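Being a predicted model, the structure only gives us computed values, none of them experimental. Every chain is numbered from 1 and lettered A, B, ... according to where its sequence line falls, protein lines coming before strand lines.
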Protein chains: 2
Amino acid sequence: MEMIKRFYMGAMDRLLHPNLKDVSLAAALHALADPLRLEMIQRLSETDCLSSGAACPNDTPKSTISNHFAVLRAAGLVETTADGRERRNRLRRADFDARFPGLLDTVLANRS
Amino acid sequence: MEMIKRFYMGAMDRLLHPNLKDVSLAAALHALADPLRLEMIQRLSETDCLSSGAACPNDTPKSTISNHFAVLRAAGLVETTADGRERRNRLRRADFDARFPGLLDTVLANRS
DNA sequence: ATCTATAGTTCAATGGTTCCGAACTATGGA
DNA sequence: TCCATAGTTCGGAACCATTGAACTATAGAT
């Protein structure tokens, strides 16, 4: 009878936010190179914070949302904090812009 | 004894160049989201045309080069023509800039 | 013409990544 | 305590990327 304690949420490495200096251009572009993630980023850019569910179309599977947010966090694009049973996701605009000047604006502007 | 005629090179669909209006932003970003392809694009941006081999570091496997060029062509970033036994690759700068204004410049500027 | 070297493509195998249902944790409220 | 809701984790299937080996094509030399 083994005792495996699993820590979810705040303690998980998926919730860790990298220093932007450790994010490569290729990794940043990879995070942006997906239609759903672009949609999420667009929505996040329009309000100052959104729950994970609210950042995606209604029919998006939960596990898919969770994975996409992990990618966005790893690229330094999104900061996620726990707030009750929801997550509070916000764009790390200043950090990302300082590391990749003009990139986010150009990408958002090019999303027809 | 079957006769399979294979057409290489000029006739192959990998050598086809899309109209930029059919290239999505996500596809363009995907093509840019790779360190080797960024290097290739950088090199292509510095001269007006390069053979496939000359666009990559010396130790890059031939098949890898070939695949990466196929991705760049599919994204409308590169135009390839046959020239003897070499390929003549050039950036489709004007086409790409018209479709995604500022994107290529911003990406190249952010490549430290 | 035939041979040889070179540039690139294609194929196939392997390994990695992504998607998503199912099972789970965590929190808030009846 | 029970239930509903928000999100995470796991595992398998589908998809994608990498690269050696076999191939095509062309240029140049003999």
Q: Do L32(A) and L104(A) come within less than 4.5 Å of each other through their side chains, counting heavy atoms only?
A: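 They are in contact (side-chain heavy atoms under 4.5 Å apart), so the answer is yes.
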Q: Between dT8(D), dG8(C), dT10(C), which one does the side chain of S63(B) approach most closely?
A: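 So the nucleotide nearest the side chain must be dT10(C).
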Q: Do K21(A) and D95(A) meet the salt-bridge criterion of a basic N to acidic O distance under 4.0 Å?
A: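 Looking at K21(A) together with D95(A), the answer is no, because their closest N to O distance does not fall below 4.0 Å.
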Q: For T81(A) and R87(A), what are the C-alpha separation, side-chain angles and deciding distance, and is it a side chain to side chain donor-acceptor pair (under 3.5 Å)?
A: CA-CA 6 Å; T81(A) 55; R87(A) 307 275 161 273; over 6 Å; no
Q: Can S51(B) and R88(B) be counted as having a side-chain donor-acceptor contact under 3.5 angstrom?
A: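 Side chains of S51(B) and R88(B): no pair found under 3.5 Å.
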Q: Can you identify which nucleotide, out of dT8(D), dG29(C), dA7(C), has its nearest atom closest to the R85(B) side chain?
A: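 Looking only at heavy atoms from C-beta outward on R85(B), the closest nucleotide is dA7(C).
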Q: Name the closest nucleotide to the R73(B) side chain, picking from dT18(D), dC19(C), dT9(C).
A: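 That would be dT9(C).
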Q: Less than 4.5 Å apart, side chain to side chain, heavy atoms only: is that true for L108(A) and Q42(A)?
A: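 Yes. Closest side-chain heavy atoms under 4.5 Å.
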Q: Determine the sole option in N89(B), I41(B), V71(B), V23(B) for which the side chain to side chain contact (heavy atoms under 4.5 Å, CB included) test with L77(B) is passed.
A: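 Answer to the side chain to side chain contact (heavy atoms under 4.5 Å, CB included) test with L77(B) among N89(B), I41(B), V71(B), V23(B): I41(B).
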Q: Which atom pairs link the protein and nucleotides 12-18 of chain C when you take only N or O atoms and keep those under 3.5 Å?
A:
unit_1	atom_1	unit_2	atom_2	d
dT18(C)	OP1	H30(A)	NE2	3.1

Q: Can you find a donor-acceptor pair, distance only, under 3.5 Å between S52(B) side chain and dG8(C) base?
A: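 Answer no: no donor N or O sits under 3.5 Å from an acceptor.
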Q: Specify the separation, in whole Å, of atom CD of E86(A) and atom C1' of dG29(C).
A: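 It works out to 14 Å between those atoms.
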Q: Considering heavy-atom distances to DNA chain C, does T60(A) or D83(A) have its closest nucleotide positioned more toward the 5' end?
A: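 Its nearest nucleotide lies further toward 5', so the answer is T60(A).
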Q: Starting at atom NZ of K62(A), determine the distance to atom P of dT9(D), rounded to an integer number of angstrom.
A: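 For the pair K62(A) NZ and dT9(D) P, the rounded distance is 13 Å.
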Q: Determine: side-chain N/O of T64(A) to OP1/OP2 of dC20(C), distance under 4.0 Å, yes or no.
A: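 True: T64(A) side-chain N/O within range (under 4.0 Å) of dC20(C) OP1/OP2.
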Q: Of the options V107(A), D34(A), N110(A), which is the one that meets L29(B) in a side chain to side chain contact (heavy atoms under 4.5 Å, CB included)?
A: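 Testing each of V107(A), D34(A), N110(A) against L29(B), the sole residue satisfying side chain to side chain contact (heavy atoms under 4.5 Å, CB included) is V107(A).
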Q: Rounding to a whole Å, what distance do you find between L72(B):CG and dG8(C):P?
A: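 In whole Å, dG8(C) P and L72(B) CG are 14 Å from each other.
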Q: Take atom CD1 of I65(A) and atom P of dC19(C), then tell me their distance rounded to the nearest Å.
A: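 These atoms are roughly 12 Å apart.
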Q: Could you check how far CZ of F69(A) sits from P of dT9(D), rounded to whole Å?
A: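 The answer, rounded to whole Å, is 15 Å.
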